[in-house]
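Written below as structure tokens is the structure these notes are about.
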Amino acid sequence: MLADQIVSLNLTTRKLCKNCDGGTVISQKMRLLYLVRNEVLSPKELVGELCIAKPNLTILARNMISEGLIEKMRVERDMRSVHYKITEKGLAELNRLLAELDESVSKQLQQSDKELQKGEKKLEAAINFLNGIE
């Protein structure tokens, strides 16, 4: 059953990631940086993607702005509207976190590069399939 496999994948990735990012699974900070790495997103979009309450996003964003990882920007078409985008420092931090995650997962799986590449391709195909379900 597809739902069973999705839950299993979620639980497995949480186990693999437990040693990453200072012991947390995949932090909200990392998830937010990942989402804004290529585009500017509104709080509404981020709340939906991160599945968190807007007050929690506000706190997270405020902390990340003070760390210099993201910045607020006004959208030209509606100057009241705030959106978030990644900074160079944020991109460097995201790349560091992704490399750490990759190293941790590879170490835990203890597989050859060829096996890891096959697994990556299968996982990418699954993600593409799931993204098309919406």
Side-chain angles (χ1 to χ4, degrees):
M1 174 180 268
L2 184 60
D4 184 54
Q5 291 176 337
I6 291 169
V7 172
S8 177
L9 176 64
N10 184 271
L11 292 172
T12 302
T13 56
R14 287 181 181 272
K15 285 181 202 169
L16 287 171
C17 301
K18 68 182 176 193
N19 297 322
C20 306
D21 195 25
T24 60
V25 179
I26 294 179
S27 67
Q28 291 289 5
K29 179 192 294 187
M30 183 178 179
R31 293 173 65 209
L32 192 148
L33 288 172
Y34 187 81
L35 289 170
V36 298
R37 75 194 184 284
N38 293 322
E39 58 186 312
V40 176
L41 295 174
S42 71
K44 183 178 181 180
E45 292 167 316
L46 288 169
V47 163
E49 289 292 327
L50 294 171
C51 299
I52 61 175
K54 189 166 183 183
N56 292 343
L57 174 65
T58 301
I59 293 166
L60 177 64
R62 188 180 311 131
N63 291 337
M64 291 176 69
I65 289 168
S66 70
E67 293 176 44
L69 301 175
I70 62 171
E71 61 186 19
K72 260 190 218 185
M73 61 178 293
R74 302 275 179 200
V75 180
E76 284 185 31
R77 65 182 181 272
D78 181 2
M79 293 305 283
R80 297 170 297 168
S81 181
V82 173
H83 284 58
Y84 297 104
K85 74 177 205 171
I86 198 165
T87 63
E88 289 297 321
K89 183 178 178 181
L91 191 55
E93 177 68 2
L94 176 61
N95 288 333
R96 183 191 69 75
L97 291 169
L98 290 172
E100 183 180 304
L101 176 60
D102 197 42
E103 182 181 329
S104 176
V105 170
S106 296
K107 191 182 302 179
Q108 290 179 62
L109 290 176
Q110 298 179 351
Q111 296 189 347
S112 71
D113 286 344
K114 188 175 183 178
E115 290 170 317
L116 287 172
Q117 287 175 350
K118 281 172 48 178
E120 268 182 47
K121 286 181 182 177
K122 288 180 180 179
L123 187 55
E124 183 179 354
I127 290 168
N128 289 337
F129 172 77
L130 292 171
N131 281 331
I133 288 178
E134 296 176 35

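In what follows, residues are counted from 1 in the order of the sequence shown. The structure presented is a predicted model; accordingly, all values stated were derived computationally and were not measured.
- When the side-chain contact (heavy atoms from CB on, under 4.5 Å) test is applied to L35, the partners found at least two apart in sequence or on another chain are L41, L46, E49, L50.
- In this structure, E124 does not pair ionically with K121, as no charged nitrogen and carboxylate oxygen lie closer than 4.0 Å.
- A distance of 6.5 Å separates CZ of R31 from SG of C51, quoted to the nearest 0.5 Å.
- Rounded to the nearest 0.5 Å, atoms CG (L69) and NZ (K29) are 5.5 Å apart.
- Taking CD1 of I52 as the start and NZ of K54 as the end, the distance is 11.5 Å to the nearest 0.5 Å.
- Side-chain contact between L57 and L32 is present, with at least one heavy-atom pair separated by less than 4.5 Å.
- Expressed to the nearest 0.5 Å, how far CG of L98 lies from OH of Y34 amounts to 7.5 Å.
- Between R37 and L94 the shortest heavy-atom distance is CB-CD2, 3.8 Å.
- Of the possible polar contacts, one joining the N95 side chain to the L91 backbone as a donor-acceptor pair under 3.5 Å is found.
- Distance check: I70 CD1 to M64 CE gives 4.5 Å after rounding to the nearest 0.5 Å.
- With a 4.5 Å cut-off between side-chain heavy atoms of Ile, Leu, Val, Met, Phe, Trp and Tyr, the cluster of V40 takes in M73.
- Atom CD1 of residue I59 and atom CG of residue N63 lie 7.5 Å apart, to the nearest 0.5 angstrom.
- Remark: E71 pairs with K85, T87 by the side-chain contact (heavy atoms from CB on, under 4.5 Å) rule, at least two apart or across chains.
- One finds no salt bridge joining E93 and K89 here, because no Lys/Arg side-chain nitrogen approaches an Asp/Glu carboxylate oxygen to under 4.0 Å.
- Taking each heavy atom of Y84 and I65 in turn, the nearest pair found is CE2-CD1, 3.9 Å.
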